Amino acid sequence: MSMEPDDFLRAVEAALFVAEAPLTPAELKLHVGNGGDLDAALQALASHYAGRGINLVERGGRWHFQTASDLAHILRREKDEPRKLSRAAMETLAIIAYHEPVSRAEIDSIRGVQVAKGTLDVLMEAGWIRPAGRREVPGRPLIYATSVEFLTHFGLGSRRDLPGMDDLRAAGLLDPVDLALEGMGGQSVLENDEEEA
Amino acid sequence: MSMEPDDFLRAVEAALFVAEAPLTPAELKLHVGNGGDLDAALQALASHYAGRGINLVERGGRWHFQTASDLAHILRREKDEPRKLSRAAMETLAIIAYHEPVSRAEIDSIRGVQVAKGTLDVLMEAGWIRPAGRREVPGRPLIYATSVEFLTHFGLGSRRDLPGMDDLRAAGLLDPVDLALEGMGGQSVLENDEEEA
Amino acid sequence: MFSQPAVPSPETLPETLFLSFDAWEGPLDLLLSLARNQKVDLREISILALTEQYLEFIEGARQLRLELAADYLVMAAWLAYLKSALLLPQHEQEDPSPEEMALRLQLRLQRLHAMRDAAARLMARDRVGRDVFTRRKPEGLRLVKKAQWRASLYDLIQAYGQIRARTQPVVHTIAVRPVMTLDEAIQRVGSLVGTAVDWTRLESFLPPDLDTPKAKSALASSFVAALELARQGRLEMQQDGIFAPIYLRARAPNQGSAA
């Protein structure tokens, strides 16, 4: 089968393995010297590695090892990680749920705080909101609405199941007493709502 | 012929190639799944790469690719030279490795001199030793042991591969002096023939 | 059984010894260096000869006025004692016996030597980053954490409640206070004074059964109304002193203003 690799080929193999970036044959020679036919060694290595989990490839005259393209999925493994929504995201979601469809500017004006771009992204990523067209006003802003997943996640039959203002008041949820405790004073105009961690 | 085992082996090969640190079989499985016999794949890969410019090695239960040692001269760069250890640090490391877990007082008693605070720090910083609990004797001194990184760095599959380990143990040279004296019955003190090599 | 790493040759050793004490990691280390110059297995070393060498060496260092760390001197004292104990005839069994002490020293030297040798062999191994190399820039296996966003319905409505609570325009509702307007009072006092031919107290012109706030307002308004009506010449007012009751009566067409 495959012959025992000679030392020159082994040197080329090792040099390519440790290299920080793809190497030209000239750069390779600085390492491995002239003790063999470099082109032949590269070809031999490329064919040796063809079909393996690692391939030796040439791109624009530079050589490097890379994983076989069909194995990309094992290099990135996804893992679910439970995370809690930030307060900014929670509020934005609530506004969309109660007022949909609603534009970003409208969300801002209801919240009294500018919503950061990332907040809508997070809600979109969570699958709870969706773009719902554009408002036919100057600038034609995107408007957002909640999704079916939103209803499912929150156990709502429909948006009408959301408690109304009277319910909120009765539950003491409109009570401004606790606002000071919520750190309202520290809120800047454009809040920094980078999701934690 | 079935492609399945081949793809599994290729996946293991690729995962080990891109990994930033040596991997345990359990870590590997997180990426390559259970679609094949991992131990068999690792053995097959290790033997495939034996004699090549790159070798697959196991150190302390973790696997990684590294270049063949005879190619050091073409791959070594000025800045690769690891920090030179002081004699005190080298001896302390050896004492910990061959005796672990071991307290500072025990290290001192072998060396006949107090180990400087900085010496243990240097070894700890290199990642080669780690605190391994406390000895349940008066004063409850910290005890030290070597780490997986130690095995990796020095190319040891396990502590059993420490050079001369078996000879030292057989010669009783890893036993404390008191224990050795006891073994000699405390008698015939100048007759060395009781202490066998 | 131990490989012998390069040892200073006997010719160069004395010079090296005197040059620096930093070359030794303590007296045991110095003893080991001297012992290895005996060029025999450490198990067959002559502790007596070693002791003499050490004492000689320390004496030499003292003559050169080298700074000697205390533990070198402690070792010298101990070895001097050991030497005499080994040479003198033993009267009775001392504990520990000089032989045992010598053996202990020998065992310690063996152990130190074993570890020194082991350290050298360890350092000579193929070390990662010096002799063997791993990839310098591995792509890394990525564990992509996919966020599973969590929020409860309570979180949602609470958030909404808070927004509403903090953005609701703050309305200051001013309570409608019970007052008698001046016009009302002028009309009432004006119509009633016509029936009062004689002096009548101001309070008598107030509507009956008023609650306190309204009564005060009515009193004040009626007083101002009385002043206005007096100015118009329609009634006369009289008060005997400060805080005394105020009296009103309709003004006769031929009379002048009241005092």
Side-chain angles (χ1 to χ4, degrees), chain A residues 1-23 25 27-36 38 41-42 44-57 63-81, chain B residues 1-21 23 25-36 38 40-42 44-57 63-80:
Chain A
M1 291 264 294
S2 69
M3 290 193 307
E4 199 62 12
D6 66 30
D7 281 349
F8 184 74
L9 184 130
R10 291 172 69 243
V12 175
E13 186 178 34
L16 286 164
F17 172 79
V18 299
E20 284 175 21
L23 296 176
E27 288 163 345
L28 262 171
K29 271 192 183 150
L30 291 179
H31 286 103
V32 301
N34 290 303
L38 183 55
L42 287 168
L45 281 170
S47 76
H48 172 83
Y49 278 96
R52 296 201 63 89
I54 314 165
N55 305 145
L56 181 61
V57 296
W63 293 79
H64 73 280
F65 278 116
Q66 66 180 28
T67 53
S69 54
D70 64 313
L71 297 171
H73 64 282
I74 68 145
L75 310 181
R76 280 174 59 88
R77 193 172 61 82
E78 292 199 341
K79 182 191 173 203
D80 286 344
E81 187 191 49
Chain B
M1 66 178 197
S2 142
M3 289 302 290
E4 212 98 15
D6 265 5
D7 274 350
F8 185 73
L9 185 126
R10 290 171 69 243
V12 174
E13 188 178 32
L16 287 164
F17 176 78
V18 298
E20 282 165 331
L23 296 176
E27 289 165 344
L28 263 169
K29 271 194 184 146
L30 291 178
H31 288 275
V32 301
N34 289 303
L38 183 54
L42 287 167
L45 282 169
S47 75
H48 172 82
Y49 278 95
R52 297 201 63 90
I54 313 165
N55 306 143
L56 180 62
V57 295
W63 294 80
H64 74 274
F65 277 116
Q66 64 182 28
T67 57
S69 59
D70 63 308
L71 301 170
H73 61 287
I74 66 150
L75 302 171
R76 190 176 296 155
R77 302 176 301 185
E78 294 275 313
K79 60 177 174 182
D80 285 333

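Bear in mind that the values here come from a model prediction, so they are computed numbers and not experimental data. Throughout, a chain's letter reflects where its sequence line sits, starting with A, and its residues are numbered from 1.
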Participant: Side chain from CB out, backbone as N, CA, C, O: work out which of these in Tyr49(A) comes under 4.5 Å of a heavy atom of chain B, or both, or neither.
Facilitator: side chain

Participant: With a 4.5 Å cut-off on heavy-atom pairs, point out which of Ala19(A), Gly51(A), Gly33(A) contacts chain B the most.
Facilitator: Gly51(A)

Participant: For chain A, which of Ile54(B), Val18(B), Leu16(B) has the most heavy-atom pairs under 4.5 Å?
Facilitator: Ile54(B)

Participant: Quick check for you: among Leu45(A), Leu9(A), Asp70(A), which has the greatest number of heavy-atom pairs under 4.5 Å with chain B?
Facilitator: Asp70(A)

Participant: How long is the straight-line distance from CG of Leu71(B) back to CZ of Arg10(A), given to the nearest 0.5 Å?
Facilitator: 4.5 Å

Participant: Within this structure, what is the OG1-CZ distance for the pair Thr67(B) and Arg76(B), rounded to the nearest 0.5 Å?
Facilitator: 10.0 Å

Participant: Please look at Asn55(B) and chain A and tell me whether the side chain, the backbone, both or neither of the residue comes under 4.5 angstrom of a heavy atom of that chain.
Facilitator: neither

Participant: Is it true that His48(B) and His48(A) have ring centroids separated by less than 6.0 Å?
Facilitator: yes

Participant: As an exercise, state the distance from NE2 of His64(A) to CG of Leu56(A), rounded to the nearest 0.5 Å.
Facilitator: 8.5 Å

Participant: Do the ring centers of Phe17(B) and Phe65(B) come within less than 6.0 Å of each other?
Facilitator: no

